[in-house]
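Some notes on the structure that comes next.
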Amino acid sequence: MPDPFRHYEGVPVLDLPADPPSPECPAADSPTFLSQLLFYSAAISASKVVPSTGFRYALRVNPSSGNLHPTEFHFVTCGLKDWPDGLYHYRPSSHMAEQRAIGNFQHITNSDAPIVFILTSIAWREAWKYRDRAYRYCLHDIGHAWQALALAAQAMGGDSKAIVDFPDDEIAQALRLSHDEWPMLVVEIRGAACKADAHETVWYGGTANQLSKETIPYPRIEAIHAATKRIVNSTIEPAPTGSGEIELPPPVQSTRSFGEVVRSRRSALDFVGGTQSISSPQLSALLANTAPLLSFIQLYLYVHRVDGLEPGVYRFWPEHAELQLVKTGDQRVAAAGLSLGQDLAGNACVAFSMIGDLDRAARAHGDRGYRYVHFEAGAVGHRLYLAAEALGLGATGIGAFYDEEVHRYLHVSPEQGQVVYHFAIGYPVPDPRLQA
Ligand SMILES: Cc1cc2nc3c(=O)[nH]c(=O)nc-3n(C[C@H](O)[C@H](O)[C@H](O)COP(=O)(O)O)c2cc1C
């Protein structure tokens with residue numbers, strides 16, 4: 001297993017103040033603002049211990065397939081109070097910022113925001129385990145990381161914007177990234193206290209640590225990544241609209257704070273089956289949270305135990321918060337079977353197939369659209385995780401499923417889309433390995 005932490009050796013390391021206040025409290029200075037932002041989006045939040053060996057490993061605020069964390073957080077700051085302008089890499093293992101260079105680096109992303117994140121993927125971290133399928137998981141992970149940053153910034157009274165179109169190779173070069181790391185998404189953050197401050201550029205660079213002694217090449221991953229580098233932009237056709245016969249009730253509200261929710265979010269290992277159900281206002285709240293993001297993703301639900309809804313498969317239509325019945329009957333065996341035989345999709349109260357409209361994305365963005373559909377799926381998943389946690393439920397993203405069987409089961413034609421992500425929400429079984 002490759003090292004899950006990247007370090008740049010030989011660079012100055014800046015402290016991000018420990019135990020930053022909750023996101024709702026205004027930060028006193030920029031180091032605290034950055035610390036808050038990263039503590040509630042990318043930091044370590046818990047650990048697990050393997051009982052048989054005593055081996056302890058870290059878990060983070062953002063989820064990741066196999067807990068392998070292919071995503072790295074680089075950021076450019078400009079004009080922040082009490083924080084030198086420069087280029088940084090976040091070191092989650094000690095909640096610190098590695099200062100790779102000082103000076104003005106806004107030209108790299110062509111953005112005038114005071115903080116600009118460049119999220120990168122190290123595909124090898126996923127590929128050693130998931131082989132060719134790893135590319136998808138890297139993209140999902142970027143979607144999760146994007147929402148983790150966007151929602152933390154929002155909770156702190158700030159604003160964020162994701163930029164998907166940029167010249168990959170130029171950015172990789174400008175950031176002096178190691179050859180195993182690929183830029184995937186740029187996220188601007190506004191809202192921090194700023195001042196004008198000009199610095200001459202000084203590079204410390206640092207040496208990226210080698211993640212494993214040996215790497216195995218995955219040519220198909222290299223090829224699809226290369227195929228999605230070219231930027232093509234034409235008009236995005238609107239998402240298909242439709243309606244369902246079931247109107248969802250108003251969503252239930254959560255009283256838990258954002259900070260508490262993100263720091264306690266975990267993936268459920270499995271869910272308690274049996275008879276305990278969720279209410280339909282809870283289901284409404286879960287779905288309402290995803291609605292602002294649904295552009296290329298269609299949500300299909302395998303309803304197992306939701307008060308007032310017959311078990312069955314439903315399609316969610318976000319415009320008027322409606323459900324359309326697609327199939328009746330108990331879906332527990334089907335949902336688990338389609339999710340590569342993972343029981344958790346059957347023991348949940350509700351499971352999901354996310355269908356990505358890859359053709360429409362390709363018509364708008366060329367092959368690069370493949371990335372955007374998966375980013376959106378990851379982002380939708382992230383919102384489902386946090387909404388579930390806020391309601392006292394558990395959730396798990398599911399990247400393993402039988403693609404063709406899902407299409408057949410849901411009667412999804414190639415023109416309509418392809419399954420890109422599964423998800424499950426219910427009452428989690430306790431995980432004895434988990435430590436706060
Ligand atoms: C894209 C993605 C795919 C995942 N696929 C699965 C899966 O197929 N089965 C599963 O049990 N967990 C899956 N997970 C959950 C991860 O195993 C979990 O996020 C990771 O172990 C870290 O734990 P945490 O979410 O509690 O931080 C997935 C998570 C993500 C983000």
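From a predicted model like this one, the values you see are computed outputs, not experimental measurements. Indexing begins at 1, ligand by ligand and atom by atom, following the structure's order.
Ionic pairing of Arg91 and Glu98 is present here: one or more N-O contacts between side-chain nitrogen and carboxylate oxygen are shorter than 4.0 angstrom.
In terms of protein heavy atoms, atom 14 (N) of ligand 1 is closest to Gly397 O, 3.0 Å. For atom 17 (O) of ligand 1, the nearest protein heavy atom (residue, atom name, distance) is Gly66 N, 3.7 Å.
In terms of polar-atom proximity, Gly399 is counted as a contact of ligand 1, with an N or O under 3.5 Å from an N or O of the ligand. Considering backbone and side-chain atoms alike, Tyr137 places every N or O at 3.5 Å or more from each N or O of ligand 1. At a 3.5 angstrom cut-off on N or O pairs, His144 does not count as close to ligand 1.
In terms of modelled atom types and a separation under 3.5 Å, the side chain of Asn67 and the main chain of Ala58 share a donor-acceptor contact.
For the residues His374, Arg265, His382, the heavy atom positioned nearest atom 24 (P) of ligand 1 is part of Arg265. Evaluated by nearest non-hydrogen atom to atom 21 (O) of ligand 1, the leading choice among Ile44, Asn67, Leu139, Leu340 is Asn67. Among Ser64, Pro63, Ser267, the residue whose heavy atom lies nearest to atom 20 (C) of ligand 1 is Ser64. The residue among Tyr421, Tyr385, Phe423 with a heavy atom at the shortest distance from atom 31 (C) of ligand 1 is Tyr421.
With hydrogens and angles left out, the side-chain atoms of His74 and Tyr90 include no donor and acceptor closer than 3.5 Å.
Two rings, from His89 and Phe75, have their centers 6.0 Å or more apart. Residues Phe423 and Tyr385 place their aromatic rings such that the two centres sit under 6.0 Å apart.
Those atoms of ligand 1 with a heavy atom of Gln342 less than 4.0 angstrom away are 7 (C), 8 (O), 9 (N), 10 (C), 11 (O). Below 4.0 Å from some heavy atom of His140 lie the following atoms of ligand 1, by number and element: 1 (C). Within ligand 1, the atoms closer than 4.0 Å to a non-hydrogen atom of Ala400 are 8 (O), numbered from 1 in the order shown. Of all atoms in ligand 1, numbered sequentially from 1 with element shown, those under 4.0 Å from a heavy atom of Arg60 are 27 (O).
Figure legend: Arg433 and Phe55 shown without cation-pi pairing, the cationic atom not lying both under 6.0 angstrom from the six-membered ring centre and within 45 degrees of its axis.
Ligand 1 does not have Phe401 within reach: every non-hydrogen atom of the residue lies 4.0 Å or more from it.
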Decide yes or no on salt bridge (Lys or Arg N to Asp or Glu O under 4.0 Å) for Asp431 and Lys48, but give the supporting numbers first.
CA-CA 9 Å; Asp431 186 346; Lys48 279 190 184 175; 2.7 Å; yes

Passes side chain to side chain contact (heavy atoms under 4.5 Å, CB included), Leu283 versus Phe316? Steps please.
CA-CA 11 Å; Leu283 180 66; Phe316 174 53; over 6 Å; no

Derivation and outcome, side chain to side chain contact (heavy atoms under 4.5 Å, CB included), residues Glu72 and Arg125
CA-CA 11 Å; Glu72 294 290 327; Arg125 279 225 188 98; 3.0 Å; yes

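Only the side chain of Leu59 comes within contact range of ligand 1, with a heavy atom under 4.0 Å; no backbone atom does. Using a 4.0 Å cut-off between heavy atoms, Arg266 contacts ligand 1 through both its backbone and its side chain.
For the side-chain hydrogen bond (donor to acceptor under 3.5 Å, both in side chains) with Thr228, the lone residue among Arg368, His365, Arg371 that qualifies is Arg371.
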